[in-house]
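The basis for the numbers below is simple: all heavy atoms, side chains too, and nothing from hydrogens, waters or symmetry mates.
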Amino acid sequence: MLKAIAKAVGISVEDVVKDYKKSGDLGTTVESLVSKKRQRTLGAEQLTVGKVFANLQAISEHSGSGSQDRKLDLIAELLSQATALEAKYIARTVLEQLRIGVAEGLVRDAVASAYNVSVDDVEGAWNLLPDFGEVAKVAKEDGEKGLKKFKLRLGTPFIVQLAEKSPGLKEAITSFKKVILEYKYDGMRTLIHKKGEKIWLFTRNLENITVAFPDLVQMARKQIKAEDCVLDGETIGLDKKTGKPVPFQQLSTRIKRKYDIEKAFGEIPIEVNLFDIVYLDGKNLMDLTFEERRKYLEKAVKETDKFHIAKGFVTSDLKEAETFYKEALKAGEEGVIVKDMEALYVPGRRVAGGWLKIKPVMESLDVVIVGGTWGTGKRAGTIGSLHLAIREPETGRFLECGMLGTGLKEKKSEQAGSATLKEMTKLLKPLVESEDGSLVRFKPKIVIEVAYEEIQKSPTYVSGYALRFPRFIRIRFDKGPDEADDLNRMEKLYKQQKGRGK
DNA sequence: ATTGCCTGCCC
DNA sequence: ATTCTGC
DNA sequence: GCAGAATGGGCAGGCAAT
């Protein structure tokens with residue numbers, strides 16, 4: 001896109017980048033660049049919707065050698081024929097970043113409003129067939145009656161229920177009248193659709209991953225007793241020697257694989273942990289309670305050691321719950337999910353369905369800010385992400401261990417050490433050492449406390465480690481960079497994780 | 001053939 | 001994934 | 001509580017440059 005804008009406006013890519021750094025939005029950038037240019041060259045031909053559509057269509061169809069250049073030309077052509085305002089939204093459309101405050105929720109409401117049907121009916125239909133094109137068509141042609149007829153279709157992915165993060169085990173088990181605790185596995189959400197001999201596998205984002213997991217398909221075909229059904233579960237990778245869960249990174253080598261699939265599944269065997277059933281022999285089970293669904297689940301599968309129901313335990317006793325939780329961690333799993341036995345299956349929701357996730361809180365780390373990236377969108381003009389480093393005790397050098405982009409506030413707060421994006425940017429400005437495009441390097445002065453879920457081995461960062469899900473906690477004004485945590489501590493924490501310690 | 005960057009999708 | 005914010 | 005918009009590590013694969 002940078003190149004396309006440069007070409008359309010007739011300036012260098014560097015100059016486009018310069019503007020982009022300030023605006024944080026290539027749409028805004030191209031708008032202002034085009035309007036400047038237009039003051040000089042007037043009278044371009046008018047762009048039509050048909051032309052825009054044709055070019056976008058053509059872009060989507062190009063592939064193979066030299067395709068990038070052709071795509072670039074097609075975008076540049078549109079941009080150079082567009083008015084400033086048109087260019088802004090063409091750029092944003094291509095980048096899929098409209099930034100107009102409209103996403104699924106508003107489209108849903110708009111469909112309801114346009115065809116005078118209820119939001120709930122639109123949402124209900126969309127949950128089962130997540131395609132607003134289809135849903136809007138039915139809403140227009142058949143109204144509520146049509147929407148209510150939507151059924152879960154085997155082979156078509158639907159919106160799945162999610163879990164909410166809970167502050168602690170005690171809060172979680174006292175949230176509901178009757179709860180079950182289940183192991184939380186660090187793997188890949190897997191929806192198994194079965195229709196006779198036919199099996200489909202989908203991820204939580206509706207992707208069809210059937211071809212990448214022939215081993216899973218085979219297990220499903222063999223172990224599911226029900227003729228037609230949809231099962232919900234989590235697939236993890238196992239170490240082929242020890243049989244213990246492998247880090248998510250290893251499982252992920254299998255997820256998008258198109259080649260050498262057979263070889264990969266020999267290397268990383270899988271284990272399927274089923275925790276729900278959503279459809280059985282023609283009936284949608286989402287309106288049953290979890291307790292009822294779980295009984296159906298037990299009847300639907302013949303369990304083996306690699307294809308089974310997630311390990312669960314019914315209790316309201318905190319001591320017992322804690323024991324079970326520790327057991328999960330010791331087994332190398334991620335934590336537990338506490339489930340409301342009386343909750344229905346609520347697609348797309350984190351709260352209404354009564355699933356609470358509990359994971360151990362890791363000791364935080366004090367690291368040094370050594371760089372940053374200029375933010376985009378609502379973070380324009382501020383450092384939107386911080387580059388972190390850990391101290392190497394022998395040399396005193398600061399070795400990069402990842403980036404961080406969440407936890408910083410937009411609004412001021414009184415909390416000690418808390419910082420808004422603006423304040424952080426102001427603090428860092430005097431420390432700039434060099435800039436390269438959107439990247440900035442800072443003198444290593446500021447120490448911040450960061451939280452995370454896991455320390456990973458990293459192939460990208462020089463320290464050899466990176467943080468999974470890092471977030472900002474506070475600035476350590478009381479610490480200089482030489483007092484920041486060092487690599488030894490990071491290594492020690494890495495080794496203690498996942499039941500390896502204790 | 002190898003490397004390096006980008007995209008899309010898993011968490 | 002996590003987090004913050006406006007509604 | 002939801003919705004929307006910021007942002008993370010890391011993987012396979014696609015393509016361009018070398």
Side-chain angles (χ1 to χ4, degrees), chain A residues 1-3 24-25 62-72 95-109 119 123 162-165 184-190 202-209 212-213 234-237 247-261 264 268 334 346 348-353 357 359 372-380 382-388 400-413 418-421 450-461 465-473:
Chain A
M1 180 53 79
L2 287 169
K3 285 187 203 161
D25 182 331
H62 275 309
S63 70
S65 171
S67 61
Q68 290 201 338
D69 282 340
R70 288 201 297 279
K71 291 181 192 174
L72 190 151
L95 294 169
E96 292 183 272
Q97 280 271 253
L98 244 30
R99 283 198 251 256
I100 52 175
V102 176
E104 271 155 19
L106 264 183
V107 174
R108 177 199 61 206
D109 295 357
V119 170
E123 183 171 329
L162 304 168
E164 184 193 20
K165 194 174 175 182
K184 182 182 192 305
Y185 302 90
D186 185 12
M188 176 188 61
R189 185 76 176 269
T190 312
F202 298 100
T203 67
R204 111 178 161 82
N205 291 320
L206 320 178
E207 292 297 317
N208 187 329
I209 45 155
F213 290 90
E234 184 88 4
T235 302
I236 60 170
F248 175 77
Q249 277 165 293
Q250 281 184 51
L251 174 69
S252 79
T253 63
R254 290 201 48 183
I255 297 174
K256 300 213 313 166
R257 187 168 287 281
K258 292 212 300 206
Y259 313 105
D260 293 332
I261 288 170
I268 304 167
E334 207 182 11
V346 194
R349 293 297 152 92
R350 304 203 94 105
V351 177
K357 53 181 163 186
K359 296 193 266 186
T373 311
W374 287 106
T376 67
K378 62 182 178 180
R379 293 198 181 175
T382 61
I383 295 293
S385 126
L386 305 170
H387 302 182
L388 312 176
E400 297 214 20
C401 62
M403 302 197 264
L404 173 150
T406 190
L408 287 147
K409 300 256 196 295
E410 284 159 39
K411 288 175 57 186
K412 230 178 148 27
S413 134
S418 96
T420 65
L421 284 146
V450 297
Y452 55 88
E453 295 300 317
E454 189 184 5
I455 297 174
Q456 300 173 307
K457 284 271 186 199
S458 170
T460 33
Y461 292 104
Y465 295 98
L467 305 177
R468 178 140 85 138
F469 312 140
R471 59 258 188 195
F472 175 83
I473 300 296

Open item on the list: I want to confirm an ordering. Mapping A:G377 and A:Q456 to their closest nucleotides on DNA chain D, which one lands closer to the 5' end?
Closed with: A:G377

Open item on the list: I want to check something: taking the side chain as every heavy atom from C-beta on, are A:T420 and A:K411 in contact at a cut-off of under 4.5 Å?
Closed with: no

- [ ] Evaluate the side-chain proximity of A:K357 to A:E164: yes if any heavy-atom separation is below 4.5 Å, no if none is.
- [x] no

Open item on the list: Does A:S65 reach a base, just sugar-phosphate, or nothing at all? Heavy atoms under 4.0 Å.
Closed with: sugar-phosphate

Open item on the list: On the nucleotide D:dG10, are OP1 or OP2 found under 4.0 Å from the side-chain N or O atoms that A:S458 carries?
Closed with: yes

Open item on the list: Rounding to an integer number of angstrom, what distance separates C:dT5 and B:dG4 when you compare their P atoms?
Closed with: 40 Å

Open item on the list: D:dA3, OP1 or OP2 - any side-chain N/O from A:R108 closer than 4.0 Å?
Closed with: yes

Task: Sugar-phosphate, base or nothing in reach of A:F472, heavy atoms under 4.0 Å - done: nothing

- [ ] Choose from D:dG9, C:dC4, D:dG8 the nucleotide whose nearest atom is closest to any side-chain atom of A:K409.
- [x] C:dC4

Open item on the list: It should be established whether A:R204 places a side-chain nitrogen or oxygen under 4.0 Å from OP1 or OP2 of nucleotide C:dA1.
Closed with: yes

Task: Presence of donor-acceptor pair under 3.5 Å, side chain of A:T406 and base of D:dT7 - done: no

Open item on the list: Rounding to an integer number of Å, can you tell me how far A:E234 CD sits from C:dA1 P?
Closed with: 8 Å

Open item on the list: Looking only at the side chain of A:P459 (C-beta and beyond, no hydrogens), which of the listed nucleotides C:dT5, D:dG10, D:dG8 gets closest?
Closed with: D:dG10

TODO: Specify the separation, in whole Å, of atom CD1 of A:I209 and atom P of D:dC11.
DONE: 18 Å

- [ ] Give a yes/no on whether any side-chain N or O of A:Y259 is located under 4.0 angstrom from OP1 or OP2 of D:dA12.
- [x] no

Task: Sidechain N-carboxylate O distance under 4.0 Å for A:E453, A:R471 - done: yes

Open item on the list: Between A:Y465 and A:Q456, is there a side-chain heavy-atom distance shorter than 4.5 Å?
Closed with: no

- [ ] Ignoring backbone atoms, establish whether A:T253 has a side-chain N or O less than 4.0 Å from OP1 or OP2 of D:dG10.
- [x] no

Open item on the list: Please determine whether a side-chain nitrogen or oxygen atom of A:T203 lies at a distance below 4.0 Å from atom OP1 or OP2 of B:dC10.
Closed with: yes

Open item on the list: Expressed as a whole number of angstroms, how long is the span from A:M403:CE to D:dA6:P?
Closed with: 17 Å

Task: Check ion pair A:E334-A:K359 (N to O, under 4.0 angstrom) - done: yes

Task: Euclidean distance, atom CD1 of residue A:I383 to atom C1' of D:dG8 [Å, nearest integer] - done: 16 Å

Task: Contact under 4.0 Å: A:K411 side-chain N or O vs C:dG6 OP1/OP2 - done: yes

Task: Euclidean distance for C1', C:dC4 against B:dC5 (whole angstrom) - done: 32 Å

- [ ] Name the nucleic acid region contacted by A:L251, choosing base, sugar-phosphate or nothing; use a 4.0 angstrom heavy-atom cut-off, strictly under.
- [x] nothing

Open item on the list: Need one value for A:Y452: base, sugar-phosphate or nothing, where a base atom within 4.0 Å counts as base even if backbone is also close, heavy atoms only.
Closed with: nothing

Open item on the list: Measuring from the side chain of A:S67 (C-beta onward, heavy atoms only), which nucleotide among D:dA12, B:dC10, D:dA16 has the closest atom?
Closed with: D:dA16

Open item on the list: Using whole Å, what does the distance between atom P of nucleotide B:dC5 and atom NZ of A:K71 come to?
Closed with: 19 Å

TODO: Take the protein atom OH of A:Y185 and the nucleotide atom C1' of C:dA1, then report the distance between them rounded to whole Å.
DONE: 21 Å

Open item on the list: Just to be sure I understand the rule, does A:L421 reach a base, reach only the sugar-phosphate, or reach nothing, if contact means heavy atoms closer than 4.0 Å?
Closed with: nothing

Task: Side-chain heavy atoms of A:R254 within contact of A:I209, under 4.5 Å - done: no

Task: Phosphate contact (D:dA3 OP1 or OP2) by A:R349 side-chain N/O below 4.0 Å - done: yes

- [ ] Ignoring backbone atoms, test whether A:R471 places a side-chain nitrogen or oxygen under 4.0 Å from the OP1 or OP2 oxygen of C:dT3.
- [x] yes

TODO: Consider the side chain of A:S63, meaning its heavy atoms from C-beta on, and name the nucleotide among D:dC15, D:dC2, B:dC11 that approaches it most closely.
DONE: D:dC15

TODO: Between D:dA16, D:dG1, C:dA1, spot the one nearest the side chain of A:F469, thanks.
DONE: C:dA1

TODO: Taking the side chain as every heavy atom from C-beta outward, state whether A:L386 and A:L408 have any atom pair closer than 4.5 Å.
DONE: yes

TODO: Respond yes when some side-chain nitrogen or oxygen of A:K359 is under 4.0 Å from OP1 or OP2 of C:dT2, and no when none is.
DONE: yes

Open item on the list: Taking any heavy-atom pair under 4.0 Å as a contact, classify A:R350: base, sugar-phosphate, or nothing.
Closed with: nothing

Open item on the list: Can you see if the side chain of A:K258 gets near the phosphate of D:dG13 - specifically, an N or O under 4.0 Å from OP1 or OP2?
Closed with: no

- [ ] Using the closest heavy atom to pick a nucleotide of DNA chain D for each, name whichever of A:Q97 or A:K457 lands nearer the 5' end.
- [x] A:Q97

- [ ] Send over the distance from A:N205 CG to B:dG8 C1', rounded to a whole Å.
- [x] 11 Å

Task: 5' priority, DNA chain B, between A:T190 and A:K256 [closest heavy atom] - done: A:K256

Task: A:R254 CZ to B:dC9 P, straight-line distance once rounded to whole Å - done: 20 Å

Open item on the list: Is there a side-chain contact between A:F248 and A:I255 in this structure, where contact means two heavy atoms from C-beta onward sitting under 4.5 Å apart?
Closed with: yes

Task: N/O (side chain, A:R468) to phosphate O (OP1/OP2, D:dG9) under 4.0 Å - done: no

Open item on the list: Give me the distance, rounded to whole Å, that separates B:dC6 from C:dT3 when you measure between the P atoms they each carry.
Closed with: 29 Å

- [ ] Using a heavy-atom cut-off of under 4.0 Å over every strand shown, decide if A:K357 touches base, sugar-phosphate, or nothing.
- [x] sugar-phosphate

